[in-house]
Amino acid sequence: MDQQENRKRITAVIPAYNEASRIGQVLKVIASHPIIDEVVVVDDGSSDETEEVVNRFNVRYVKNTGNRGKGYSMDRGVSLAANEVVFFCDADVIGLSHEVVDEIIRPVANGEIGMFIGMRNRKWYRAHRIVSFVPLLGGERALTKTLWKKIPAYYKHCFRIESALNFYAIYYGDGFQYKIFKGLSQVIKEKKYGFWNGTRERWRMFYHIFSAQLKLQFVNIPESSRNGRLLAIIALQSLGGMILGGLFLAAVYFGPSDFVNALFSWELSEEAQDPLVQFLLNFAHVTTASTIALIGILIFFPNAFIFLLTFKKLGFLLYGLKYKIRNNKS
Ligand SMILES: Nc1nc2c(ncn2[C@@H]2O[C@H](COP(=O)(O)OP(=O)(O)O)[C@@H](O)[C@H]2O)c(=O)[nH]1
Ligand SMILES: [Mg+2]
């Protein structure tokens, strides 16, 4: 059936570092999948029996000279891949099935999108529905070589790679789709490497992810998006200005001293000598209502004007990337 479909051919790339006890489960699914045309396992200098386990399957096996990191291993896999679509799969994933693999690969193989990520089931990913900057980092993803080639070599190193893939898909590609698969999980580092080594590995990974994100956001961001972000920050600041100006105007409306008393009733009951409250009360006492009104107007209206010019960019901060990142439920 697959042969009749007009889809691109697929190479699965599996980076593996000391995964002898886990990679067999993964290869059982991947090597037998009808949609996958080639499997490349890149052994990242394992010292366990990973090679022996891999050789039980009909897949291509290469080994790095030493432990070079996940990003390097993935890049080596892509350079060996014969096909345009690459499916990356970690060697420690649990719960993989032909159906899950199918769902991840199809949209890319059919040319609908440049990258599809199969997310493991973690609760906090759901926050991504609200704010688009929750990073979606996961091992199982299908993408085109065209997207891969856009990534600078700097990011094809250890755990920098997934942040960079998402970023380049959004800003230099046609975005990506993702889906959270309830049954998908993995063996955590602390269990694989022991508590202390695992924890050290985890922090090393966080460091790679965080530093890559910083560099991407400040160095690789396209000029137009950088300007959009600046305008969004200006919009936020002017909103703050409007609220401040509004407080001055409200103070005139309600009577300055009453307003300060009402606004800080809690502080006044707790600590009557709070210096800020005392200052405001003195200020309300000695300043005429018309002066306070003038201050309010001078703060409120220029900020309102700036806000009207820039507020559309606020959506950019929260929702702006949504159209590039689509949650493929169903
Ligand atoms: N931790 C680690 N994983 C590597 C390395 N090289 C390749 N890998 C493989 O990369 C995949 C993801 O690694 P893992 O530590 O599980 O990271 P996580 O799943 O993103 O938390 C696994 O298949 C590893 O075997 C390496 O140097 N360190
Ligand atoms: Mg893992």
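As the structure lists them, so they are numbered: ligands from 1, and atoms in each ligand from 1.
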message: I need the single residue from D75, D44, D90, D92 that forms a salt bridge (Lys or Arg N to Asp or Glu O under 4.0 Å) with K70. Which is it?
response: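 Of the listed options, the one satisfying the test is D90.
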
- Message: Same cluster or not: Y72 versus L143, using hydrophobic residues (I, L, V, M, F, W, Y) connected whenever any side-chain heavy atoms lie under 4.5 Å apart?
- Response: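 The answer is no; the residues belong to distinct hydrophobic clusters.
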
What is the closest protein heavy atom to [atom], and at what distance does it sit?
atom	value
atom 18 (P) of ligand 1	K189 NZ, 3.6 Å
atom 25 (O) of ligand 1	E19 OE2, 2.6 Å
atom 19 (O) of ligand 1	Q186 OE1, 2.6 Å

Is the shortest N/O to N/O distance between [X] and ligand 1 below 3.5 Å?
X	answer
M205	no
R204	no
A16	no

Specify side chain, backbone, both or neither for [X], according to which of its non-hydrogen atoms lie closer than 4.0 Å to ligand 1.
X	answer
F88	neither
R22	neither
E201	side chain

Vertex the Mg ion (ligand 2), ends Q186/OE1 and D92/OD2: angle to nearest 10° comes to 100°

Short list, please: which atoms of ligand 1 are under 4.0 Å from a heavy atom of K192?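 Matching atoms, with element in brackets: 14 (P), 15 (O), 16 (O).
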
